[in-house]
Amino acid sequence: MIFRHRRAVCLLAAAMAAALPAAQAAPVRTASTGLCADQYVLLLADRSQIVSLSPQSQSALSLTAGRAKGIAQNRGAAEEFLAGDVKLVVTDDGGGPILSRVLPRFGIKIVMIPEVASFAAMEQSVRDIASALGQKARGDALVADIERRRAALARLAKTGPHPEIVYFRPDGGGGGAGTFVDAALQEAGFRNLQVRRGIPGWRGLPLEMLVDTPPQGIVTGFFDSAQHSAFYTFSYNPIFSRLAGTVPTMTLPGKYWSCSGPFMIDAAEYLAKERIRRFGARS
């Protein structure tokens with residue numbers, strides 16, 4: 001009789017445990033090796049679990065540079081991660097063949113930040129990276145916040161107008177279909193001329209195509225951080241300069257475009273405010 005009672009108690013306890021959500025994995029000691037990876041880690045990890053970040057973590061192109069202050073930096077070398085008892089390396093460039101070959105042999109997991117082209121894919125990346133960090137709840141909270149802000153943008157977009165713009169980088173590159181830049185532009189309430197002209201990816205629209213039929217506006221990215229080199233001569237192109245002087249030109253700080261991370265929502269919010277400021281709003 002006692003045995004049956006104990007067995008019933010055990011079965012009840014097992015059933016209750018099965019009904020409860022799975023326990024979140026404990027935070028793991030983490031390092032990151034790139035600008036995008038640094039920002040994911042700084043947004044999702046406990047400061048106490050971050051062993052080191054890349055030298056780019058305090059760059060002007062990082063939206064989380066302030067959070068990186070006081071945290072050690074690494075050179076991306078395997079011996080640094082072994083000496084620091086790192087268990088997880090988050091990277092946005094694969095870490096290179098040496099790291100990808102050596103670190104797993106010592107039980108160190110490598111997680112690659114993917115480049116995505118939509119908010120849905122970015123949100124899934126947030127969940128995946130948060131889970132690897134042992135921070136599932138924080139990842140869910142960040143996604144919920146992004147969704148709340150997207151809903152606010154959708155309401156704002158209803159006020160119109162929806163000008164057709166073109167996006168340029170200082171090297172002449174653009175942001176067509178299949179890029180996170182296009183996703184953010186649409187979220188902000190713009191129509192992307194490069195998409196309508198059928199030029200996908202990161203190639204830019206030839207300026208000659210815009211002389212006779214100019215866009216209603218221009219959005220530029222990284223012009224605030226462009227280096228004075230031959231690679232950025234497009235920004236001094238006289239045709240571009242003349243075009244930029246005839247239509248509203250909105251400069252988005254490069255830190256919003258560093259990669260396809262959670263900061264896509266920050267870029268969209270910034271652009272939505274510029275759209276209303278430059279083109280007004282109608283109900």
Side-chain angles (χ1 to χ4, degrees), residues 24 30 32-45 50 53-54 56-57 59 61-65 67-68 88-95 109-157 167 169 173-192 194-195 200-202 219 221-222 252-275:
Q24 177 172 294
T30 301
S32 53
T33 66
L35 178 60
C36 191
D38 293 332
Q39 294 179 83
Y40 265 90
V41 168
L42 287 165
L43 286 172
L44 294 169
I50 303 174
L53 303 165
S54 85
Q56 296 176 294
S57 60
S59 161
L61 288 177
S62 173
L63 206 59
T64 57
R67 300 190 186 197
L88 175 71
V89 172
V90 182
T91 179
D92 46 44
D93 60 5
K109 183 179 180 180
I110 300 177
V111 173
M112 175 75 174
I113 301 287
E115 181 175 306
V116 298
S118 70
F119 275 82
M122 176 270 289
E123 290 171 358
Q124 186 57 53
S125 292
V126 169
R127 292 189 181 96
D128 292 342
I129 301 304
S131 180
L133 289 165
Q135 298 288 357
K136 181 180 182 302
R138 190 167 292 162
D140 290 342
L142 180 55
V143 169
D145 179 63
I146 291 170
E147 282 297 294
R148 176 187 59 77
R149 293 159 69 183
R150 289 185 68 193
L153 284 176
R155 291 191 296 271
L156 183 62
Y167 169 76
R169 299 192 310 270
T179 67
F180 64 86
V181 164
D182 179 55
L185 289 171
Q186 291 187 46
E187 204 80 9
F190 288 108
R191 291 176 295 125
N192 190 344
Q194 184 171 335
V195 172
W202 299 108
V219 172
F222 298 105
L252 183 74
K255 61 184 178 181
Y256 290 107
W257 280 153
S258 59
C259 69
S260 54
F263 8 93
M264 285 168 62
I265 188 64
D266 297 282
E269 289 174 336
Y270 184 100
L271 289 169
K273 291 177 182 178
E274 283 292 285
R275 176 176 63 84

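Residues: numbered from 1 along the sequence shown.
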Got a second to check how far [X]'s [atom1] is from [Y]'s [atom2], nearest 0.5 Å?
X: Tyr167; Y: Leu252; atom1: OH; atom2: CG; answer: 7.0 Å
X: Ile113; Y: Met122; atom1: CD1; atom2: CE; answer: 12.0 Å
X: Leu43; Y: Ile129; atom1: CG; atom2: CD1; answer: 12.0 Å
X: Lys136; Y: Arg127; atom1: NZ; atom2: CZ; answer: 8.5 Å
X: Thr33; Y: Asp38; atom1: OG1; atom2: CG; answer: 8.0 Å

Does a side-chain heavy-atom distance below 4.5 Å link [X] with [Y]?
X: Lys273; Y: Leu156; value: no
X: Leu61; Y: Gln56; value: no
X: Met264; Y: Phe119; value: yes
X: Thr30; Y: Leu133; value: yes
X: Phe263; Y: Gln39; value: yes

Minimum-distance pair of heavy atoms, taken over all atoms of [X] and [Y]:
X: Ala117; Y: Gly178; answer: CB-O, 3.4 Å
X: Ser260; Y: Phe180; answer: CB-CD2, 3.4 Å
X: Leu153; Y: Ile265; answer: CD1-CD1, 3.8 Å
X: Ser62; Y: Leu35; answer: CB-CD1, 3.7 Å
X: Gly139; Y: Ala130; answer: CA-CB, 3.5 Å
X: Ile50; Y: Ala45; answer: CG1-CB, 4.0 Å

>> Applying side chain to side chain contact (heavy atoms under 4.5 Å, CB included) to Val219 and Glu274, what does each step give before you reach the verdict?
In response: CA-CA 10 Å; Val219 172; Glu274 283 292 285; over 6 Å; no

> Excluding sequence neighbours, so at least two apart, what forms ring pair (Phe, Tyr, Trp, His ring centres under 6.0 Å) with Phe190?
Replying inline: none

> Ser125 and Val116: side chain to side chain contact (heavy atoms under 4.5 Å, CB included), yes or no, with the steps?
Replying inline: CA-CA 8 Å; Ser125 292; Val116 298; 3.8 Å; yes

> Just by modelled atom types, is the Ser54 backbone N or O under 3.5 Å from a matching donor or acceptor in the Ser57 side chain?
Replying inline: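 At least one qualifying donor-acceptor pair exists.
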
> Under 3.5 Å, is there a donor-acceptor pair between the side chain of Asn192 and the main chain of Asp182?
Replying inline: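 Between the backbone of Asp182 and the side chain of Asn192 there is no qualifying donor-acceptor contact (under 3.5 Å).
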
>> Please enumerate all residues that pass side-chain hydrogen bond (donor to acceptor under 3.5 Å, both in side chains) together with Asp266, with sequence neighbours excluded.
In response: Arg149

>> Arg155: which residues meet the side-chain hydrogen bond (donor to acceptor under 3.5 Å, both in side chains) condition with it, sequence neighbours left out?
In response: none

>> Assess the residue pair Trp257 and Val181 against the criterion (side chain to side chain contact (heavy atoms under 4.5 Å, CB included)); give the C-alpha distance rounded to whole Å, side-chain angles, the decisive distance to 0.1 Å, and a yes or no.
In response: CA-CA 8 Å; Trp257 280 153; Val181 164; 4.0 Å; yes

>> Test side chain to side chain contact (heavy atoms under 4.5 Å, CB included) on Arg138 and Leu142; report intermediate values, then the result.
In response: CA-CA 6 Å; Arg138 190 167 292 162; Leu142 180 55; 5.8 Å; no

